[in-house]
Amino acid sequence: AHPFGTDPSSRDVLSRMLVGARLSLGIAALAVVVSVVIGSAVGVTAALGGRWIDASLMRATDAMLAVPRLLLLLTAVAAFGRVSPLALALLLGATGWMTTARLVRSETRRLLASEGIRGARALGVPPMRLARVHLMPALLPTIGVAATVALAGAVPLEAGLSFLGLGVTAPAPSWGNIILEAEGRVVARWWLVVFPTLAIVTTVLLTNLVAERVGGADATE
């Protein structure tokens with residue numbers, strides 16, 4: 001009747017994991033959208049802007065990268081207190097855009113050296129139209145890879161914060177707070193640790209495989 005066992009409140013763990021997947025993956029997906037939007041905007045602006053704009057944005061990005069992301073999240077959650085799932089997703093996205101920004105900036109600079117983009121700039125195409133019409137379609141594969149990599153990082157981060165009691169809190173289920181229910185009795189309640197952990201690991205592994213395939217296909221093209 002309960003293939004994944006029950007929790008201390010006699011609730012079916014499989015059912016809670018399925019419901020928790022909706023919340024955990026939803027938070028991670030929204031965080032990825034936020035991080036990709038911010039990172040793409042910063043990367044394209046840095047590449048198209050002048051020397052000072054590029055240097056300022058990249059130094060700000062380096063400064064963010066120098067601080068461990070988990071420390072930023074813990075500081076933000078401690079400052080705001082208990083956060084809602086929406087706020088948690090926004091925090092994850094706001095602290096995870098830096099790698100995307102550097103990837104998009106690098107790819108944009110490469111595209112700007114191509115003949116088609118140089119021709120468009122020579123014809124006087126405005127920067128906003130250049131970015132929207134000429135650059136963004138060519139940047140989609142790079143952004144797709146960045147998004148899948150970001151998703152692989154957001155899932156365990158959300159689970160870790162929920163396990164620490166700083167993310168999704170009971171009674172709402174998530175993979176992280178299901179593991180928390182085994183606290184102090186890991187051996188006696190091993191199924192509360194094993195099955196949610198397997199779900200997290202499998203999700204991260206499959207996401208990384210997708211990123212590898214997308215990146216490989218882009219390189220082949």
Side-chain angles (χ1 to χ4, degrees), residues 20-49 53-54 56-108 128 131-132 135-169 172-177 200 203-204 206-208 210-211 214-215 218:
R22 181 176 58 188
L23 192 55
S24 295
L25 296 179
I27 291 173
L30 180 56
V32 168
V33 171
V34 173
S35 66
V36 165
V37 169
I38 297 175
S40 299
V42 171
V44 172
T45 302
L48 289 177
I53 294 177
D54 185 19
S56 299
L57 289 176
M58 287 301 100
R59 295 300 76 77
T61 302
D62 291 340
M64 290 284 290
L65 285 170
V67 182
R69 187 180 181 186
L70 183 58
L71 179 60
L72 287 174
L73 289 168
L74 291 175
T75 302
V77 172
F80 292 107
R82 182 173 295 181
V83 295
S84 65
L86 176 60
L88 179 60
L90 295 177
L91 284 174
L92 287 170
T95 57
W97 56 266
M98 294 79 73
T99 302
T100 302
R102 297 192 69 87
L103 286 173
V104 170
R105 172 184 176 270
S106 177
E107 182 65 13
T108 302
M128 289 297 295
R132 186 178 68 254
L135 289 176
M136 290 309 298
L139 287 171
L140 286 179
T142 300
I143 294 174
V145 172
T148 52
V149 172
L151 181 63
V155 170
L157 269 177
E158 182 279 325
L161 290 173
S162 297
F163 174 76
L164 294 173
L166 300 174
V168 179
T169 55
S174 79
W175 291 342
N177 65 23
I200 296 169
T203 301
V204 173
L206 292 176
T207 305
N208 283 326
V210 170
V214 171
D218 182 39

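Just so it is clear, the structure is predicted and the values come from calculations on it, not from any experiment.
Atom CG of Leu151 and atom CG of Leu25 lie 7.0 Å apart (nearest 0.5 Å). Atom OG1 of Thr148 is separated from atom CD1 of Ile143 by 12.0 Å, given to the nearest 0.5 angstrom. Atom CG of residue Leu140 and atom CG of residue Leu135 lie 11.0 Å apart, to the nearest 0.5 angstrom. Expressed to the nearest 0.5 Å, how far CG of Leu92 lies from CG of Leu72 amounts to 11.5 Å. We find the CG-CG distance between Leu86 and Leu30 to be 6.5 Å, quoted to the nearest 0.5 Å. The OG1 atom of Thr61 lies 7.0 Å from the CG atom of Leu65; values are rounded to the nearest 0.5 Å.
Between Trp97 and Val34, the closest side-chain pair of non-hydrogen atoms is not below 4.5 Å. Between Val44 and Leu139 there is a side-chain heavy-atom pair separated by less than 4.5 Å. Using a 4.5 Å heavy-atom cutoff, the side chains of Val42 and Met98 are not in contact. Counting heavy atoms from C-beta outward, Arg102 and Met58 have side chains that approach closer than 4.5 Å.
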_If you apply the rule side-chain contact (heavy atoms from CB on, under 4.5 Å), what do you find for Asp54 with Arg105, and how did you get there?_
CA-CA 9 Å; Asp54 185 19; Arg105 172 184 176 270; 2.8 Å; yes
*Derivation of the side-chain contact (heavy atoms from CB on, under 4.5 Å) call for Val67 and Thr95*: CA-CA 10 Å; Val67 182; Thr95 57; over 6 Å; no
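Judged by distance alone, the side chain of Ser35 and the main-chain N or O of Val32 form a donor-acceptor pair under 3.5 Å. A donor-acceptor contact shorter than 3.5 Å links the side chain of Asn208 to the backbone of Val204.
Taking all atoms of both residues into account, the shortest heavy-atom contact from Ile27 to Ala89 is O-CB, 3.6 Å. Residues Ala94 and Ile38 approach most closely at CA-CD1, 4.5 Å, considering heavy atoms. Shortest non-hydrogen contact noted between Val104 and Ser40 is CG1-O, 3.9 Å. Summarising the geometry of Ala211 relative to Val145, their closest heavy-atom pair is O-CG2, 4.2 Å, with the distance given to 0.1 Å. The nearest pair of heavy atoms linking Thr207 to Ala152 is CG2-N, 3.8 Å. Summarising the geometry of Glu107 relative to Thr142, their closest heavy-atom pair is CG-OG1, 3.5 Å, with the distance given to 0.1 Å.
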Donor-acceptor contacts, no H, no angles, side chain residues 155-164, under 3.5 Å, sequence neighbours left out:
{"from": "Glu158", "atom 1": "OE1", "to": "Ser24", "atom 2": "OG", "distance (Å)": "3.3"}
{"from": "Glu158", "atom 1": "OE2", "to": "Ser162", "atom 2": "OG", "distance (Å)": "2.7"}
{"from": "Ser162", "atom 1": "OG", "to": "Glu158", "atom 2": "O", "distance (Å)": "3.0"}
{"from": "Ser162", "atom 1": "OG", "to": "Val168", "atom 2": "N", "distance (Å)": "3.1"}
{"from": "Ser162", "atom 1": "OG", "to": "Ser174", "atom 2": "OG", "distance (Å)": "3.4"}

